[in-house]
Amino acid sequence: MDRLYDCWLAYGKDSSMKWAERYLSRLCVLSCGRVISSAAKELETAYERLTGNIPERISEPFSGGCFILRVNESFGDGGYSISVSDESVTVEGGDENGVLYGVFRFLILASGGYSPESLNITEKPCYHLRMIDQWDNADGTVERGYSGASIFYEKGCPVSDMNRLTDYARLLSSVGINAICINNVNVHKTETLFITEEFLPRIGKIADIFGDYGIKLYLSINFAAPMEIDGLTTADPLDERVINWWKNMAQTIYRHIPDFGGFLVKADSENRPGPHTYGRDHAEGANMLAAALMPFGGKVIWRCFVYNCHVDWRDRSTDRAKAAYDNFKPLDGKFGDNVYLQIKNGPMDFQIREAVSPLFGAMSHTNCLCELQITQEYTGQQIDLCYLVPMWKECLDFDTYHGGEGSFVKRNILGAAGVSNVGNDLCWTGDPLAGANLYGYGRLIFDPGLSAEQIAEEWVRAAVTSHNETADIICRMLLSSREIYESYTSPLGVGWMVTPHYHYGVDVDGYEYSPWGTYHYSDRDGMGVDRTKTTGTGYTAQYAPHNEEMYENASACPEELLLFFHHLPYTYMLKSGKTLIQHIYDSHFEGAERAEELLMRWRSLKDKLPEDIYREAEVRLEKQVLNSRQWRDVINTYYYRKSGIDDIRGRKIYK
């Protein structure tokens, strides 16, 4: 057993699970099915790790201690109940998936040292679509991957040894994931062919692996596939030849993969083909694909990450933040019933701090999903510690005010999609502490009412240690990490000060004059983007009146988003009594200091942690300290040179 590889399924890592052995010694399976079989197999795996033995299969409950599995439809799709008594543990699920989720929940909490009486639990998933998006490419690379190469592909083909995919399916189903898209949304030449007879037999084998764990497989498709695969002269979604081509392709796919989930589509964005080429809108493009999938129960998931990436930096009227709303709001109610719009949590691109997308709540007649980025593209790349669950909760708990007070994002969506952070590194996520984000994503979209604290504690105790004091220190590290990362990087929501394309490390002006449309507009007098309706780009008008008014006025705007919405002078006085420039100096000095404190806290635990987990995390925390110092010095020097205003505390700034 390797602790790095096992993540939060490290059964028997210590003696905390000893009490469960007598229940696991006998297994009574009262319902059947492929997913139920996976649940029973997981219990057998746990018992074998604990004792070296295989549990006895029995046909009726046994009074000397046994584990009972059965379907009870009263708990609903994916719902489950765990009942622990002196004689047995019973897991009942509303369907096979529910049974599997209940088994994993029991094993994770038991291995985390939770008491038997606390494991009497009844839960039901909040959303019916809980998805992972892989940005893996057929050549084995992973776009925005920070954990090694792809676990799905090598040298242009699906991997031949799929054992690791089985373990990945285990990890995902253990936190309630029920859908996965297995290739990059930027579909290249080889991946375009995944929907053809050349690749479908091998893709079907992957689908079977994930299907055993209740996870449906999706594919990202190339909107221009009819042209690139079969030489059609058009991909116009209203052309009968194109319509029939996709209908025939759907039949072919479902012949190989009967429980295929559907298509994920990135169209008319960042140079990807789409319906705009033919004068058609997104609804016409999505609905054509949806009609092809409808007879088989498939879905089309259409990304709203659509904007002009060829902007002239001199044009101050164009605002990338406005693009998704401008493109999709006029189409509300025009999408088919099996079309789901996938909306990024913020209107820009997964920044450490940005406003919640105004599309949430505004598309009241359209199926919507929330897209979150588990992989840490702009948030430390699994080098710098950054626990993302608090940020995701802020999005889900945001009140859109569409429909009045209490119109939270979590009530306006039908599910979520998270961009995966796994690769073929031994511990899956590169940094073992980044496993908290993968676990946290699954738990949060299963139950968005959970707190970031509860999720962190569950993960630490299952994946790292169940020792109370040590677990508490690691939890506090996680819970402070987002604030620390934010404090030494981009101030007050301004964002985008990263090295272009690579997105790790500081480059204040790296995107300032680029065609991607992401600017901080720093000048000699101040900084920030004026997105107000009165004097700026008008972005604030995309929100419901309550939020528009809040963001429109600098005095009412939440300070953590102040520069996202306003261009302000360096002498602007914050509520803390500090000027804007002094806040920049202070936060960057303090952020670097707190990054060093994270490393010191971790080193204090050296003798209390598994050596491999300790070592892998320590190396990254050391790099984080260096990164935080570089951010501190570059940002402070840059803004001193812009403003000419001294740090009132007289600290070292390179002038």
Side-chain angles (χ1 to χ4, degrees), residues 8-9 29-43 67-83 89-109 119-133 168-181 207-218 258-262 297-299 301 338 340 342 367-370 372 392 396 410-418 438-450 454-455 458:
W8 55 86
L9 301 182
V29 183
L30 300 178
S31 301
C32 59
R34 65 191 290 202
V35 179
I36 295 276
S37 294
S38 296
K41 183 178 179 181
E42 198 65 29
L43 291 168
F67 208 108
I68 303 167
L69 302 181
R70 63 172 162 236
V71 171
N72 179 343
E73 294 181 1
S74 65
F75 292 106
D77 292 349
Y80 63 85
S81 171
I82 305 172
S83 302
V89 174
T90 301
V91 171
E92 296 182 292
D95 54 12
E96 288 190 59
N97 282 18
V99 173
L100 181 63
Y101 301 153
V103 165
F104 274 121
R105 190 84 177 110
F106 173 85
L107 292 174
I108 289 169
L109 293 179
L119 300 189
N120 289 286
I121 297 169
T122 299
E123 291 186 326
K124 183 179 179 180
C126 181
Y127 305 119
H128 78 268
L129 189 60
R130 306 176 301 280
M131 190 170 186
I132 285 286
D133 288 352
Y168 189 37
R170 290 175 58 229
L171 282 173
L172 296 184
S173 63
S174 74
V175 289
I177 299 299
N178 67 354
I180 186 169
C181 184
D208 285 341
I209 288 170
F210 284 89
D212 285 344
Y213 286 86
I215 301 171
K216 285 195 173 186
L217 184 140
Y218 287 68
D259 59 350
F260 181 67
K299 297 179 175 66
I301 299 175
N338 60 329
Y340 292 70
Q342 187 167 300
N367 301 324
C368 293
L369 306 174
C370 180
L372 304 170
W392 300 334
L396 295 176
K410 61 189 175 187
R411 296 179 181 172
N412 286 290
I413 58 175
L414 298 178
L438 183 59
Y439 178 89
Y441 167 76
R443 289 290 291 139
L444 187 63
I445 63 168
F446 196 92
D447 181 359
L450 294 172
Q454 179 180 343
I455 292 171
E458 286 179 11

With sequence neighbours excluded, residues passing ring pair (Phe, Tyr, Trp, His ring centres under 6.0 Å) with Y80: none
Once rounded to the nearest 0.5 Å, what's the spacing between atom CG of L444 and atom CD of Q454? 11.0 Å
Within the 3.5 Å criterion, strictly below it, is a donor on E458 or Y439 matched to an acceptor on the partner's side chain? yes
Flag the pair L43 / V103 as yes when at least one side-chain heavy-atom distance between them is below 4.5 Å, and no otherwise. yes
Taking the side chain as C-beta and beyond, is there a heavy-atom pair between Y168 and I180 under 4.5 Å? yes
Report the distance from atom SG of C368 to atom CG of N412, rounding to the nearest 0.5 Å. 8.0 Å
Side chain to side chain contact (heavy atoms under 4.5 Å, CB included) between M131 and I177, intermediate numbers included: CA-CA 6 Å; M131 190 170 186; I177 299 299; 6.0 Å; no
CA sep, side-chain torsions, deciding dist, call: L414, Y340, side chain to side chain contact (heavy atoms under 4.5 Å, CB included): CA-CA 9 Å; L414 298 178; Y340 292 70; 3.8 Å; yes
Salt-bridge criterion met for K216 and D259 (N-O under 4.0 Å): no
What's the separation between atom CD1 in I445 and atom CH2 in W392, rounded to the nearest 0.5 Å? 9.5 Å
Does some side-chain heavy atom of D208 sit less than 4.5 Å from a side-chain heavy atom of L217? no
Rounding to 0.5 Å, atoms CG (D95) and CG (N72) come to a distance of 11.0 Å
Would you indicate whether the side-chain heavy atoms of L171 and W8 approach each other to under 4.5 Å? yes
Got I301 and L129 here, is their nearest side-chain heavy-atom distance under 4.5 Å? yes
With a 4.5 Å heavy-atom cut-off, do V91 and L100 have their side chains touching? no
Plane angle bin for Y213 and F104 - parallel if under 30°, tilted between 30 and 60°, otherwise perpendicular: tilted
Please examine the side chains of V29 and I36, heavy atoms only from C-beta on, and report whether any two atoms are closer than 4.5 Å. yes
Just wondering, are more than 12 heavy atoms of other shown residues or ligands nearer than 6.0 Å to CG in N120? yes
Check step by step if side chain to side chain contact (heavy atoms under 4.5 Å, CB included) holds for C126 and D447. CA-CA 6 Å; C126 181; D447 181 359; 5.8 Å; no
V99 vs S31, test: side chain to side chain contact (heavy atoms under 4.5 Å, CB included). Steps then yes/no. CA-CA 10 Å; V99 173; S31 301; over 6 Å; no
Which atom names give the shortest non-hydrogen contact between G418 and Y441, and what distance separates them? N-OH, 2.9 Å
So Y218 and K299, do their side chains get closer than 4.5 Å, heavy atoms only? yes
Below 6.0 angstrom between ring centroids: does that apply to Y127 and F446? no
